[in-house]
There are 2 protein chains.
Amino acid sequence: MARTSGSHSQITGPRLRAAALRLFARHGYAAVSMRQIAAEVGVQAGALYNYIPDKQGLLADLMRSHLEELLAAWDLEPKGTGPLDALEAFTRFHIRFHLERPDAVFIAYMELRNLDPRNFAEIEALRKRYETGLEDILRAGRAAGVFDLPDTKLATLAVIAMLTGVTTWYRPGGRLSAERVAALYWEMVRKAVGA
Amino acid sequence: MARTSGSHSQITGPRLRAAALRLFARHGYAAVSMRQIAAEVGVQAGALYNYIPDKQGLLADLMRSHLEELLAAWDLEPKGTGPLDALEAFTRFHIRFHLERPDAVFIAYMELRNLDPRNFAEIEALRKRYETGLEDILRAGRAAGVFDLPDTKLATLAVIAMLTGVTTWYRPGGRLSAERVAALYWEMVRKAVGA
DNA sequence: GTCTATAGGGAGATAGAC
DNA sequence: GTCTATCTCCCTATAGAC
């Protein structure tokens, strides 16, 4: 990207976040320098500090934005009627949302240990809120006799781990479309919860 | 740890590996310095290079050892008769083995991107071999009509992701024993594959 | 808002004494 | 086999000119 001079406040901010997201996902937060990010944005390293307080704040921002977007999108998702519909909606939503944002997902799962304690608590609370959304569905379905689950909490964690795992191997243009992947996972989830 | 002088070739090597395993798992490969590792071992940084070629070689060694131990242990595991027994054996083995080595597991999954291409190819091949062990079980069970699986390859990845996820939340002394956790996961896996 | 320059510190790795 | 000392390089973050 050509280096320019002058003011670009509308442009540099988003570009900074996009570059950091890509580089952190590819190489890891600790392995990426502010100079690398700046080079990708097309400015000098010092200029980045007009947009972020420090490197740690940048990481926390990326993770917070991702999780807030996730929660907002799930809130807006149609959930049908009853726990079985809701679980199918969750499964398809989770896979679609995560496959559309591989870099942000990767960072949100891998860089938790690089958050300082204050940021970690905040991010962890957001992650937990999303998890609770699934847990509520499973508990309701169990109470209604629709699901057969000996341990709702464990089932919640097992289902999320299984679904999120899709991001480690799925590549667009591969053997299966995202739609087909979601359908296959839904069938496995449905059976796993005894529905 | 008290600093001593003299020769400790029998002691320092294992201590170096143990310290690196712990620190890499806790803070990440890129965030840990050779000086930190040396301090934990109780020697100066330069002394570490009597045991490792460089930092990258240390990481590759830790991951290779872990995966070779995993493959050897699975080879020795009794697998019963038939695909259903074998799948149960795999499920219980995978959970037990992974819960006993949380640091090594964490590193093997999180630090792949910090391997240089040569080491990555080698480590990835070992991981793939383990994955194939499960895939063979699922394919055999499907052929025998014991499992109901629309896509064996995807089921393999889904099951491994679900099982490995246990390492992100399980803590010894928590609500569930490792035995109980394995039993609950086995029930979910069994249902998910339609057995 | 971005630049250049730099403060102040830490990184990986090696050399040679003991 | 470990030490001290050091090479060379890179890091985050800030200061002040434009």
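Here is the naming used below: chain letters follow the sequence lines, and residue numbers restart at 1 for every chain. Since the structure is predicted, the reported quantities are computational estimates derived from the model, not experimental observations. Only this structure's heavy atoms are used, side chains among them; waters, hydrogens and symmetry mates stay out.
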For this session: For Gln44(B) and dA5(D), give me the distance from atom CD to atom P, rounded to whole Å.
Result: 10 Å

Exercise. Just to confirm, is there a sub-4.0 Å distance from OP1 or OP2 of dT2(C) to any side-chain nitrogen or oxygen of Tyr51(A)?
Worked result: yes

Below 3.5 Å between N/O atoms, which protein atoms pair up with nucleotides 7-11 of chain C? Just atom names and distances, please.
{"unit_1": "dA11(C)", "atom_1": "OP1", "unit_2": "Ser33(B)", "atom_2": "OG", "d": "3.0"}

For this session: Could you check how far CD1 of Ile37(A) sits from P of dC10(D), rounded to whole Å?
Result: 17 Å

Problem set entry | Atom-to-atom span, OH of Tyr29(A) to P of dC11(D) - whole angstrom | 14 Å

Exercise. For the pair made of CD in Gln56(A) and P in dC11(D), what is the distance, rounded to whole Å?
Worked result: 18 Å

Exercise. Quick one: are Leu157(A) and Leu154(A) in side-chain contact, heavy atoms under 4.5 Å?
Worked result: no

For this session: List in chain and number order the residues that pass side chain to side chain donor-acceptor pair (under 3.5 Å) with Glu100(A), two or more places apart in sequence or in another chain; answer none if no residue qualifies.
Result: none

Problem set entry | Those residues that, when tested against Tyr49(A), pass side chain to side chain donor-acceptor pair (under 3.5 Å) (two or more places apart) | none

For this session: Sort and list the pairs that fulfil side-chain hydrogen bond (donor to acceptor under 3.5 Å, both in side chains) and have at least one residue in residues 16-31 of chain B, not counting sequence neighbours.
Result: Arg17(B)-Ser65(B), Arg22(B)-Glu40(B)

For this session: Please name all residues satisfying side chain to side chain donor-acceptor pair (under 3.5 Å) with Glu124(B), sequence neighbours left out, ordered by chain then number.
Result: Arg127(B)

Show me the side-chain donor-acceptor pairs of residues 90-98 of chain B shorter than 3.5 Å, one per line, residues at least two apart or across chains.
{"unit_1": "Thr91(B)", "atom_1": "OG1", "unit_2": "Leu87(B)", "atom_2": "O", "d": "2.9"}
{"unit_1": "Arg92(B)", "atom_1": "NE", "unit_2": "Glu88(B)", "atom_2": "OE2", "d": "2.9"}
{"unit_1": "Arg92(B)", "atom_1": "NH2", "unit_2": "Glu88(B)", "atom_2": "OE2", "d": "3.3"}
{"unit_1": "His94(B)", "atom_1": "ND1", "unit_2": "Tyr130(B)", "atom_2": "OH", "d": "2.7"}
{"unit_1": "His94(B)", "atom_1": "NE2", "unit_2": "Thr164(B)", "atom_2": "OG1", "d": "2.9"}
{"unit_1": "Arg96(B)", "atom_1": "NH2", "unit_2": "Glu77(B)", "atom_2": "OE2", "d": "2.6"}
{"unit_1": "His98(B)", "atom_1": "ND1", "unit_2": "His94(B)", "atom_2": "O", "d": "2.9"}

Exercise. In whole angstroms, how far is the P atom of dG1(D) from the CZ atom of Arg15(B)?
Worked result: 16 Å

Exercise. With pairs taken as Watson-Crick or G-U wobble and both distances under 3.5 angstrom, which stems of at least three consecutive pairs involve DNA chain C?
Worked result: C:1-18 with D:1-18

For this session: Write down the distance between CD1 (Ile52(B)) and P (dG1(D)), rounded to a whole number of angstrom.
Result: 14 Å

Exercise. For dT2(D), does OP1 or OP2 lie under 4.0 Å from any side-chain N or O of Thr12(B)?
Worked result: yes

Exercise. side-chain contact (heavy atoms from CB on, under 4.5 Å) with Arg139(A): which residues, sequence neighbours excluded?
Worked result: Glu135(A), Asp136(A), Thr152(A)

Seminar exercise, completed: side-chain hydrogen bond (donor to acceptor under 3.5 Å, both in side chains) pairs touching residues 167-176 of chain B, sequence neighbours excluded, are Asp151(A)-Arg175(B), Trp169(B)-Tyr185(B)

Seminar exercise, completed: Rounded to whole Å, the CD-P distance (Gln10(A) to dT2(C)) equals 11 Å

Show the atom names and distances, to 0.1 Å, of all donor-acceptor pairs under 3.5 Å that link a side chain in residues 187-195 of chain A to residues at least two apart or in another chain.
{"unit_1": "Arg190(A)", "atom_1": "NH1", "unit_2": "Ala195(A)", "atom_2": "O", "d": "3.3"}
{"unit_1": "Lys191(A)", "atom_1": "NZ", "unit_2": "Asp148(B)", "atom_2": "O", "d": "2.8"}

Exercise. Are any non-hydrogen side-chain atoms of His66(A) and Met63(A) less than 4.5 angstrom apart?
Worked result: no

Exercise. Applying side-chain hydrogen bond (donor to acceptor under 3.5 Å, both in side chains), which residue pairs with at least one partner in residues 55-64 of chain B are found, sequence neighbours left out?
Worked result: Gln56(B)-Asn119(B), Asp61(B)-Arg64(B), Arg64(B)-Glu122(B)

Problem set entry | Atom-to-atom span, OH of Tyr49(A) to C1' of dA5(C) - whole angstrom | 15 Å

With 3.5 Å as the limit, what N/O pairs link the protein to nucleotides 16-18 of chain D?
none

